[in-house]
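Keep in mind that the numbers below use all heavy atoms, side chains included, and drop hydrogens, waters and symmetry copies. Everything numeric in this text was worked out from a predicted model, so none of it was measured. Residue numbers start at 1 and run along the sequence shown.
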Amino acid sequence: GSLSYYILWYLRYKNIIIISINSKIKKDLVKIGFSQKKIFVLSDCHGNKTNSYEDGINKYLDLKNKKDKMKIGYFGKIAPNKGSEILKELILQYGGELEFNIYSRNKNIFKGLDCKFKKVEHKNVFREMLKMDILLYVTKLDEENNHAKYTSPLKIYEYISTLRPILYM
């Protein structure tokens, strides 16, 4: 809102260095007058208690011998600017063969499709990720391969920490 604008306006005139979580935000800051030389991009990520490498290897071996439907997990907001059309197409095409588990607040967007919805608190997300065979990361990148405005690719770090295969679309 307006308060954010005034804070940013004030900070433009200070001798500070800014760490941005993605290049899209960096571009926005440059557009409103911040010096590009004083803005650095470091993706933000936070740690999870990861499982051991042995757990990851055992999970792959289990996948090889699996007889049930493979569990595909998607965690996060569902929106057009975050690749919801890609997710919808995958569910429509493979919903009968794969078990799609969608963990999101806005569950009504895919009502009637062959997938399961669940809402969980963030503190329990890692535990739910470990129940999946494959984690799905969908995104809609712009012409310069940037994520949607104000999107941080944190989810990929959470996915990596599970030692599960990640399908990036």
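- Nearest heavy atoms, Leu135 versus Met129: CD2-O, 4.0 Å.
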Worked check of side-chain contact (heavy atoms from CB on, under 4.5 Å) between Leu87 and Ile102:
CA-CA 10 Å; Leu87 182 57; Ile102 312 295; 4.1 Å; yes

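- Just one residue in the list Ile72, Leu98, Ile166 forms a side chain to side chain contact (heavy atoms under 4.5 Å, CB included) with Ile134, and that residue is Ile72.
- In this structure, the salt bridge (Lys or Arg N to Asp or Glu O under 4.0 Å) partners of Lys116, at least two apart in sequence or on a different chain, are Glu99.
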Are Met132 and Phe75 close enough, and set up right, to give a side-chain contact (heavy atoms from CB on, under 4.5 Å), and what steps lead you there?
CA-CA 11 Å; Met132 299 298 115; Phe75 295 79; 4.2 Å; yes

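- A heavy-atom distance below 4.5 Å is not found between the side chains of Phe117 and Lys111.
- In this structure, Arg105 contributes its side chain and Lys77 its backbone to no donor-acceptor pair below 3.5 Å.
- Of all heavy-atom pairs between Gly95 and Asp114, the closest is O-OD2, 2.8 Å.
- When all heavy atoms of Gly76 and Ser104 are compared, the pair lying nearest together is O-OG, 2.9 Å.
- Taking Glu97 as the reference, nothing meets the salt bridge (Lys or Arg N to Asp or Glu O under 4.0 Å) condition, with sequence neighbours excluded.
- In terms of the side-chain hydrogen bond (donor to acceptor under 3.5 Å, both in side chains) criterion, residue partners of Asn124 (sequence neighbours excluded) are, by chain and number, Arg127.
- Taking CD1 of Ile91 as the reference point, atom CD of Gln93 lies at 12.0 Å (rounded to 0.5 Å).
- Note on ring orientation: taking the six-membered ring where Trp is involved, the planes of Tyr159 and Tyr137 are perpendicular (angle over 60°, cut-offs 30° and 60°).
- Separating the NZ atom in Lys69 from the CZ atom in Phe100 is a distance of 10.0 Å, to the nearest 0.5 Å.
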Audit row: Glu85, Lys88, salt bridge (Lys or Arg N to Asp or Glu O under 4.0 Å) steps and yes/no
CA-CA 5 Å; Glu85 287 303 312; Lys88 184 177 181 177; 5.2 Å; no

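- In this structure, Cys115 SG and Leu90 CG are separated by 11.5 Å, a value rounded to the nearest 0.5 Å.
- In this structure, Arg164 CZ and Lys71 NZ are separated by 11.0 Å, a value rounded to the nearest 0.5 Å.
- To the nearest 0.5 Å, the span separating OH on Tyr103 from NE2 on His122 amounts to 14.0 Å.
- Here Lys31 pairs with nothing under the salt bridge (Lys or Arg N to Asp or Glu O under 4.0 Å) rule; sequence neighbours left out.
- Annotation for Asp133 and Pro165: closest pair O-CD, 3.2 Å, computed over non-hydrogen atoms.
- Note that the CG atom of Leu163 and the OG atom of Ser161 stand 7.5 Å from one another [nearest 0.5 Å].
- By the ring-ring contact (aromatic ring centres under 6.0 Å, His included) test, Tyr74 is found to be paired with no residue, residues two or more places apart in sequence or in another chain being considered.
- Residues forming a ring-ring contact (aromatic ring centres under 6.0 Å, His included) with Phe34 (at least two apart in sequence, or on another chain): none.
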